[in-house]
Structure formats: structure tokens, C-alpha cells
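To start, the structure under review is shown below, and the notes come after it.
Remember, it's 1-based here, ligands and their atoms both numbered in the order they're listed. No hydrogens, no waters, no symmetry mates; every other heavy atom, side chains included, goes into these values.
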Amino acid sequence: MAERSDTEEVKLLGMWASPFSRRIEVALTLKGVPYEFSEQDITNKSSLLLQLNPVYKMIPVLVHNGKPISESLVILEYIDDTWRNNPILPQDPCERATARFLAKLIDQQICVAAMKVVGKVGEERDAAVEATRDLLMFLEKELVGKDFFGGRSLGFVDIVATLVAFWLMRTEDLLGVKVVPVELFPEIHRWVKNLLGNDVIKKCIPPKDEHLAYIRARMDKLNLKSA
Ligand SMILES: N[C@@H](CCC(=O)N[C@@H](CS)C(=O)NCC(=O)O)C(=O)O
């Protein structure tokens, strides 16, 4: 359980199917921080969201005792700094820097390449699959000899990389393209199994069937080809 007083107000503006919002749920659950969840409609943004995140106008936003914090990676660090139990970032400065580096790689490179896999068709999609795989290979190498990116337990990079495990790898079924085939990425597949055996993750990831239906509906709306 978190060390700070339970009388403090912790509210998360999020969206059930968002990988960024789910990251925050994982971190709060891991720390044992009770919070109120406010489901947001990102197609019709509430005045509260616009007021709390006027720069990006995006979820997730964490509101702690009235103070808003935006951007999932920033929020994760805030949570780790505020509730010190069950640390998610490593203590060693070099390991901390590496964890931040990998988190940026996931959000700024892998996520962008994976979005192209979803958004393109034909040869452009094939090229995007190759680009995504090249980047994922860095994560594959990081996992050798480890249960989680964080070592023996779930950490910052694991939480960030749930985007790969539960969004990219679920979307594969809809695309009919294996972006992360087990033959090329045995370590990532072993890691996904470890994640699925973790109680916090089990509690915090969206239910598969509803999630796939949501992703399929979004792809159909954007006229993207689902299998
Ligand atoms: N860099 C942001 C990304 C968050 C994000 O993409 N949120 C999406 C939902 S999954 C959103 O709010 N989209 C609304 C919009 O783009 O207008 C983070 O890490 O928090």
C-alpha cells in the first residue's frame, strides 16, 4: 500500500481503450494508490479535459490534490516520485537513464512506426512492418536473460511497453499481419507471457474481445483494412 495519506485526492482522466491511460492505471495499482477514474470521450472533449490539459488536449491527465499532470511518461515519473513504495524506475542512474531512453524509443519511434503499419496498405505497409521490426529488435535484445525489462519485477519500461504487448500485438490479429512473429521475437513473446501472469497487469489491461471490437470499429471508421 502507498505510504502517503489515503485522504489525498487522486483522479485519472482517461479512456478505457487507451494504452497511455492504462499505463497510469498500472502504476497506481502497483503502488496501491486509490484513485477515481473519469472516462473521457476523446471525440467530444470535456471542458474539464480542455481546462486541465490545454496544451495537448489529450488523456491521460492525473489530478493530484487539484494539480493536473499530463503526458503519460511524465505522470509515471510523478507517481514514482510521490509514492515511493514499489519503485518503478531503477535506482542506479545509468539504469534509470536507460529506462528513460527505452521509453522514448517506444513512444517516439516504435509507436510511430506501428501506427504506419495500421494506417498504410500494400507495399507501404510492408515497409512499415520492416521498420517496426527493426526497432523492436532493440527491445528483444534488452529482454535476454530477464523476466521483465525491470529485471525480476515489473518496472517503468514494462509499463510503457504494454503498448507493444496489448495494442500492437492485439492489432496484428485484425491486420492479418504478424508484425512480431515468435520466430523473430522469442524474448518478447516470453515477456508477454510473464506480463499475463502478473496480477497488476491482469487487473489493468482492457478485456481482449471488447478491445479488439473497439480497435476494429476505429479501423473501419478510418477506412483501414482489417482482416
Ligand atoms: N504522448 C501522450 C499521448 C496520449 C494520447 O495519444 N492520447 C490519446 C488517446 S489514446 C488522446 O487523448 N487523443 C485525443 C486527440 O488526439 O485529440 C501521452 O503519452 O500521454
Side-chain angles (χ1 to χ4, degrees), residues 10-31 33 35-64 67-82 88-89 99-119 128 132 135 139 149 154-172 174-175 201 204-208 210-224 226:
V10 182
K11 182 168 171 168
L12 173 62
L13 274 70
M15 202 267 282
W16 74 275
S18 162
F20 304 100
S21 173
R22 291 283 175 168
R23 286 174 178 171
I24 312 309
E25 295 198 60
V26 171
L28 292 171
T29 306
L30 196 67
K31 300 273 186 182
V33 178
Y35 63 96
E36 180 196 335
F37 185 80
S38 166
E39 176 75 18
Q40 298 291 307
D41 177 356
I42 56 168
T43 62
N44 180 21
K45 292 174 187 170
S46 66
S47 49
L48 182 64
L49 175 61
L50 298 176
Q51 178 203 326
L52 294 175
N53 188 358
V55 177
Y56 297 114
K57 305 175 179 65
M58 284 185 177
I59 56 95
V61 179
L62 184 80
V63 191
H64 183 206
K67 291 171 294 186
I69 298 121
S70 300
E71 286 295 302
S72 62
L73 299 186
V74 176
I75 301 171
L76 288 178
E77 293 221 25
Y78 177 83
I79 291 172
D80 211 28
D81 288 342
T82 304
I88 57 175
L89 269 162
R100 291 181 176 123
F101 175 86
L102 291 171
K104 279 199 173 179
L105 174 74
I106 291 165
D107 276 12
Q108 295 178 0
Q109 302 283 327
I110 297 176
C111 185
V112 173
M115 292 299 281
K116 285 194 189 143
V117 175
V118 179
T132 307
L135 293 163
L139 298 187
F149 288 98
L154 203 68
F156 186 73
V157 181
D158 297 285
I159 297 172
V160 176
T162 48
L163 183 146
V164 172
F166 302 113
W167 278 263
L168 173 59
M169 288 168 81
R170 281 183 176 177
T171 306
E172 282 183 326
L174 299 179
L175 294 171
I201 293 289
C204 294
I205 57 168
K208 190 168 182 182
E210 280 161 76
H211 192 209
L212 286 177
Y214 172 88
I215 298 172
R216 185 187 292 276
R218 264 182 71 94
M219 286 173 71
D220 289 348
K221 204 169 167 193
L222 297 170
N223 267 332
L224 300 170
S226 59

For Trp167 and His211: C-alpha separation, side-chain torsions, deciding distance, then whether side-chain hydrogen bond (donor to acceptor under 3.5 Å, both in side chains) applies. CA-CA 9 Å; Trp167 278 263; His211 192 209; 2.9 Å; yes
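- Between Gly14 and Phe37, the shortest heavy-atom contact is C-CZ, 3.6 Å.
- Nearest non-hydrogen protein atom to atom 10 (S) of ligand 1 is Ser18 OG, 3.2 Å.
- Heavy atoms of Met15 found under 4.0 angstrom from ligand 1: none, in either backbone or side chain.
- Taking a 4.0 Å cut-off on heavy atoms, Gln40 fails to register as neighbouring ligand 1.
- At a heavy-atom cutoff of 4.0 Å, ligand 1 is contacted by both the backbone and the side chain of Ile59.
- Annotation: atom 1 (N) of ligand 1 to nearest protein heavy atom, Glu71 OE1, 2.9 Å.
- Some N or O of Ser72 is nearer than 3.5 Å to an N or O of ligand 1, by distance alone.
- The closest protein non-hydrogen atom to atom 15 (C) of ligand 1 is Lys45 NZ, 3.4 Å.
- Within 6.0 Å of CZ on Arg218 lie no more than 12 heavy atoms contributed by other residues, nucleotides or ligands.
- Scanning both residues, Leu76 and Ile88, for their nearest heavy atoms gives O-CD1, 3.8 Å.
- Closest of all the heavy-atom pairs between Lys57 and Leu49 is O-CD2, 4.1 Å.
- Residue Lys57 has no N or O atom closer than 3.5 Å to an N or O atom of ligand 1.
- Ile75 has its side chain within reach of Pro60: a pair of non-hydrogen atoms, C-beta onward, lies under 4.5 Å apart.
- Atoms of ligand 1 found under 4.0 Å from any heavy atom of Pro60 (numbered from 1 in listed order, with element): 20 (O).
- Taking every heavy atom of both residues into account, Arg22 and Ile205 meet most closely at NH1-C, 3.8 Å.
- Distance from atom 16 (O) of ligand 1 to its nearest protein heavy atom, with residue and atom name: Met58 CE, 3.5 Å.
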